[in-house]
Novice: 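Starting off with a structure, shown below.
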Number of protein chains: 2
Amino acid sequence: MVKKSDGKRKISESTIKRLSLYYRALSLLEKENQETISSKELARREKLTPAQVRKDLSFFGSFGTRGLGYPVSELKQQISEILGVNRVWNVAMVGVGNIGSALVSYKEFQKQGFIIKLIFDNDQRKIGSNHKGLIVSDIREMARLLREHHIEIVILAVPAIVAQYIVDEVVAAGIKAILNFAPINLQVPPDVYLRTENMSMELEYLSFTLTNRRPPAE
Amino acid sequence: MVKKSDGKRKISESTIKRLSLYYRALSLLEKENQETISSKELARREKLTPAQVRKDLSFFGSFGTRGLGYPVSELKQQISEILGVNRVWNVAMVGVGNIGSALVSYKEFQKQGFIIKLIFDNDQRKIGSNHKGLIVSDIREMARLLREHHIEIVILAVPAIVAQYIVDEVVAAGIKAILNFAPINLQVPPDVYLRTENMSMELEYLSFTLTNRRPPAE
DNA sequence: CAGGGCATGTGAAACCTTTCACAATAAGAA
DNA sequence: TTCTTATTGTGAAAGGTTTCACATGCCCTG
Ligand SMILES: NC(=O)c1ccc[n+]([C@@H]2O[C@H](COP(=O)([O-])OP(=O)(O)OC[C@H]3O[C@@H](n4cnc5c(N)ncnc54)[C@H](O)[C@@H]3O)[C@@H](O)[C@H]2O)c1
Ligand SMILES: NC(=O)c1ccc[n+]([C@@H]2O[C@H](COP(=O)([O-])OP(=O)(O)OC[C@H]3O[C@@H](n4cnc5c(N)ncnc54)[C@H](O)[C@@H]3O)[C@@H](O)[C@H]2O)c1
């Protein structure tokens with residue numbers, strides 16, 4: 001039994017992120033041919049609590065069997081439907097510099113169904129060159145190409161200074177989902193989903209914990 | 001007046017992450033020679049609420065002036081002390097592949113005081129080669145070199161399959177802070193701070209929102 | 001086919017975070 | 001100096017998330 005019809009469930013960001021963790025864990029378990037898994041064991045593997053695992057899953061349905069646990073393959077399939085990763089997403093990369101090229105070369109994204117179809121830059125020396133089988137397109141062709149190739153997700157790896165400008169173009173081209181790597185707060189209309197990956201923030205978080213940690217046993 | 005002595009304040013992860021945002025915003029404001037900023041304006045710039053900004057800052061002290069706002073340079077300085085970014089951190093990178101090289105080439109980290117001093121790999125073809133002025137060291141020398149160069153933070157950019165093994169070595173070498181890019185849940189002792197940057201999770205989050213978004217006006 | 005054991009699913013409680021709302025108060029005007 | 005205006009700093013309220021605890025119910029054994 002899967003809850004589908006009640007369209008106004010408010011699922012929290014943390015629940016969705018944990019679904020990603022469950023999905024990854026279940027993929028590994030499936031490879032190991034394990035047939036079922038308990039919330040306890042799944043929690044242990046992802047450093048969570050069993051109650052949290054059960055509560056998260058319960059928002060979407062009842063997938064387990066009392067006394068036994070969850071069927072690995074079936075639950076994985078269910079979560080893939082919830083996350084929308086049971087399909088292929090057409091992705092474009094904008095900015096083929098250090099981080100942009102690294103991401104284009106990363107095969108895991110493709111394996112997970114995020115297929116980078118187009119890559120853009122404004123550097124004449126890069127336009128036309130080949131990156132892992134993809135030809136760098138001119139940024140001036142972006143709006144047209146995004147539409148023609150039915151791109152649904154854009155990854156932004158351009159300098160922060162031009163990021164807002166590019167976002168405006170991307171939004172104007174009808175894109176509704178953007179993953180941004182520039183360390184800047186970008187403005188988008190409410191129907192566009194934006195996630196910003198901020199690596200400096202993670203380093204600063206480590207810096208904070210190192211700085212403010214309890215002094216080692218006085 | 002700065003709260004310093006009360007050592008058991010529990011500061012939430014989200015507050016710390018927002019401090020990073022404030023810090024970045026204040027750096028920009030300082031460059032624009034703005035002298036003061038209100039919680040209202042700071043909130044607007046980072047898409048937060050004024051109350052949140054004030055509450056966050058109030059955990060650490062009273063930095064503002066009623067009726068006027070916060071002094072930009074002074075607040076920036078205070079936050080840099082809180083985050084521990086008013087100093088230099090010695091960093092090592094393990095794994096000089098796609099993402100590792102991209103991060104080593106990224107000058108912003110150095111500018112922020114996170115200085116990559118050492119880079120490691122186990123690939124004989126890479127060991128000894130030059131990346132942005134740094135020579136790739138043999139992973140077998142890691143424990144010794146980490147100590148000799150007083151490294152405090154390690155960035156992990158190795159394949160997931162070897163990540164736990166490397167973490168164990170890094171921990172054995174006395175490192176207390178690790179930023180991990182491998183999509184795997186790593187085990188560390190309680191006195192070691194680990195942050196994992198999971199880009200697939202962000203793409204899956206976008207996939208979820210695109211899949212489950214309210215259908216556009218029926 | 002009955003009973004014990006085990007793990008789910010879930011309200012309720014506990015806990016944590018954000019927002020509200022206003023007294024306090026500094027700056028600048030008059 | 002006193003008044004006006006603006007904005008902080010912060011308890012209290014509201015809202016959200018996690019954990020607890022247990023009834024429920026399926027599996028497996030005998
Ligand atoms: N390199 C990293 O490890 C890293 C880490 C965290 C964040 N970032 C962020 O990611 C972004 C890219 O970083 P990078 O190191 O790859 O920089 P980079 O300079 O190597 O790459 C940026 C690319 O964007 C292209 N570009 C510039 N303006 C453009 C435009 N108007 N249209 C299209 N393309 C344009 C450039 O030609 C270049 O190829 C930056 O915002 C940076 O802050 C990078
Ligand atoms: N490339 C990306 O965009 C990207 C994105 C997200 C996550 N990641 C993760 O980051 C990690 C690195 O990815 P990548 O694309 O750079 O891979 P890569 O294969 O290009 O680089 C990995 C590097 O680690 C080195 N290495 C392997 N075993 C080692 C060992 N035992 N000791 C020292 N070095 C060792 C390899 O020689 C190689 O240089 C992976 O875990 C990947 O899942 C990468």
Side-chain angles (χ1 to χ4, degrees), chain A residues 1-4 6 8-22 25-26 29 34-72 74-76 78-79 82 205 208, chain B residues 1-4 6 8-22 25-26 29 34-72 74-76 78-79 82 205 208:
Chain A
M1 182 262 289
V2 185
K3 293 167 189 166
K4 284 252 174 179
D6 50 343
K8 47 194 86 165
R9 302 183 321 276
K10 177 65 179 57
I11 305 296
S12 75
E13 167 161 345
S14 15
T15 292
I16 301 166
K17 288 191 161 187
R18 284 192 298 268
L19 287 184
S20 286
L21 298 182
Y22 305 149
L26 290 163
L29 287 164
Q34 195 170 326
E35 298 204 345
T36 60
I37 180 133
S38 65
S39 60
K40 193 176 163 200
E41 173 61 13
L42 194 48
R44 192 192 58 73
R45 295 201 173 212
E46 296 298 330
K47 277 206 223 94
L48 302 165
T49 64
Q52 180 127 74
V53 172
R54 296 200 298 275
K55 182 65 93 178
D56 282 340
L57 296 176
S58 79
F59 291 133
F60 302 97
S62 308
F63 307 114
T65 305
R66 283 158 201 239
L68 194 64
Y70 299 91
V72 170
E74 201 182 304
L75 182 58
K76 173 173 172 255
Q78 295 279 4
I79 295 181
I82 295 164
Y205 193 97
F208 173 87
Chain B
M1 184 263 288
V2 184
K3 293 168 190 167
K4 282 251 171 178
D6 52 343
K8 47 196 86 168
R9 302 182 322 279
K10 179 65 180 59
I11 306 297
S12 75
E13 166 161 345
S14 15
T15 293
I16 301 167
K17 288 191 162 188
R18 284 191 298 269
L19 287 184
S20 286
L21 298 181
Y22 305 149
L26 290 164
L29 287 164
Q34 195 169 324
E35 297 202 349
T36 60
I37 180 127
S38 66
S39 59
K40 192 174 164 199
E41 173 61 12
L42 194 47
R44 193 193 57 73
R45 292 199 175 215
E46 296 297 331
K47 277 203 225 97
L48 302 166
T49 64
Q52 180 127 75
V53 172
R54 297 201 298 276
K55 183 63 92 177
D56 283 341
L57 296 176
S58 78
F59 291 133
F60 302 97
S62 310
F63 308 114
T65 304
R66 284 159 201 242
L68 193 62
Y70 300 90
V72 170
E74 201 183 304
L75 182 58
K76 172 172 172 256
Q78 295 278 5
I79 294 181
I82 295 164
Y205 193 98
F208 174 87

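Model, not experiment: these values are computed from the prediction.
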Novice: CG of Leu42(B) to CD1 of Ile37(B): how many Å apart, nearest 0.5 Å?
Specialist: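 That separation rounds to 5.0 Å.
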Novice: In whole Å, I'd like the distance from the CZ atom of Arg44(B) to the P atom of dT7(D).
Specialist: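 Whole-Å distance recorded here is 14 Å.
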Novice: Return the minimal non-hydrogen interatomic distance between Leu57(B) and Phe63(B), and the atom names on each side.
Specialist: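 Closest approach of Leu57(B) to Phe63(B), heavy atoms only: O-CE1, 3.6 Å.
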Novice: Just how far is it from atom NZ of Lys40(B) to atom CZ of Arg54(B), taken to the nearest 0.5 Å?
Specialist: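 Rounded to the nearest 0.5 Å, the NZ-CZ separation comes out at 11.0 Å.
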Novice: Evaluate the side-chain proximity of Phe60(A) to Thr15(A): yes if any heavy-atom separation is below 4.5 Å, no if none is.
Specialist: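 Contact flag for Thr15(A)/Phe60(A) side chains = yes.
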Novice: Kindly check if the number of other-residue, nucleotide or ligand heavy atoms within 6.0 Å of CD (Gln34(B)) is above 12?
Specialist: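 Yes - once you tally the heavy atoms of other residues, nucleotides and ligands closer than 6.0 Å, there are more than 12.
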Novice: Please figure out whether Tyr70(B) or Thr15(A) has its closest DNA chain D nucleotide nearer the 5' end.
Specialist: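 Mapping each residue to its closest nucleotide by heavy atoms, the 5'-most match is Tyr70(B).
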Novice: Can you tell me how far P of dG11(D) sits from CZ of Phe59(B), to the nearest Å?
Specialist: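 Atom-to-atom, Phe59(B) to dG11(D), this comes out as 11 Å.
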Novice: So if I take every side-chain heavy atom of Arg18(A) and compare against dG9(D), dA27(C), dT18(D), which nucleotide ends up nearest?
Specialist: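 Taking heavy atoms from C-beta onward, the closest nucleotide is dT18(D).
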Novice: Hey, could you give me the CG/OG distance between Leu48(B) and Ser39(B), rounded to the nearest 0.5 Å?
Specialist: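 Reported to 0.5 Å precision, the distance equals 11.0 Å.
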Novice: Could you tell me how far apart Glu13(A) (CD) and dG15(D) (C1') are, to the nearest whole angstrom?
Specialist: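 Going from CD in Glu13(A) over to C1' in dG15(D) covers 17 Å.
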Novice: Within this structure, what is the OH-OH distance for the pair Tyr22(A) and Tyr70(A), rounded to the nearest 0.5 Å?
Specialist: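 Answer for the OH-OH pair, Tyr22(A) versus Tyr70(A), is 9.0 Å.
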Novice: Verify the contact: side-chain N or O of Ser39(A) to OP1 or OP2 of dA7(C), cut-off strictly under 4.0 Å; return yes or no.
Specialist: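 False: Ser39(A) side-chain N/O out of range (4.0 Å or more) of dA7(C) OP1/OP2.
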Novice: Are more than 12 heavy atoms from other residues, nucleotides or ligands located less than 6.0 Å from atom CD of Glu46(A)?
Specialist: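 For Glu46(A), atom CD is crowded (more than 12 foreign heavy atoms under 6.0 Å).
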Novice: With a 4.0 Å heavy-atom cut-off, tell me which residues in residues 47-57 of chain B come close to DNA chain C, sorted by residue number.
Specialist: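 Output list: Thr49(B), Ala51(B), Gln52(B), Arg54(B), Lys55(B).
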Novice: Atom CG of Leu42(B) to atom C1' of dG9(D): distance rounded to whole Å?
Specialist: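 Computing the Leu42(B):CG to dG9(D):C1' distance gives 15 Å.
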Novice: Distances under 3.5 Å between protein N/O atoms and the N/O atoms of nucleotides 24-26 of chain D, please, pair by pair.
Specialist:
residue: dT24(D); atom: O2; partner: Arg66(A); partner atom: NH1; Å: 2.3

Novice: Measure the spacing between CG of Leu29(B) and OG1 of Thr36(B) and express it to the nearest 0.5 Å.
Specialist: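 Nearest 0.5 Å value for the CG-OG1 distance: 9.5 Å.
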Novice: When the distance from CZ of Phe63(A) to P of dT10(C) is rounded to whole Å, what number comes out?
Specialist: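 One finds 11 Å between P of dT10(C) and CZ of Phe63(A), rounded.
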Novice: What integer distance in Å separates Tyr22(B):OH from dT8(D):P?
Specialist: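 Going from Tyr22(B) (OH) to dT8(D) (P), I get 12 Å.
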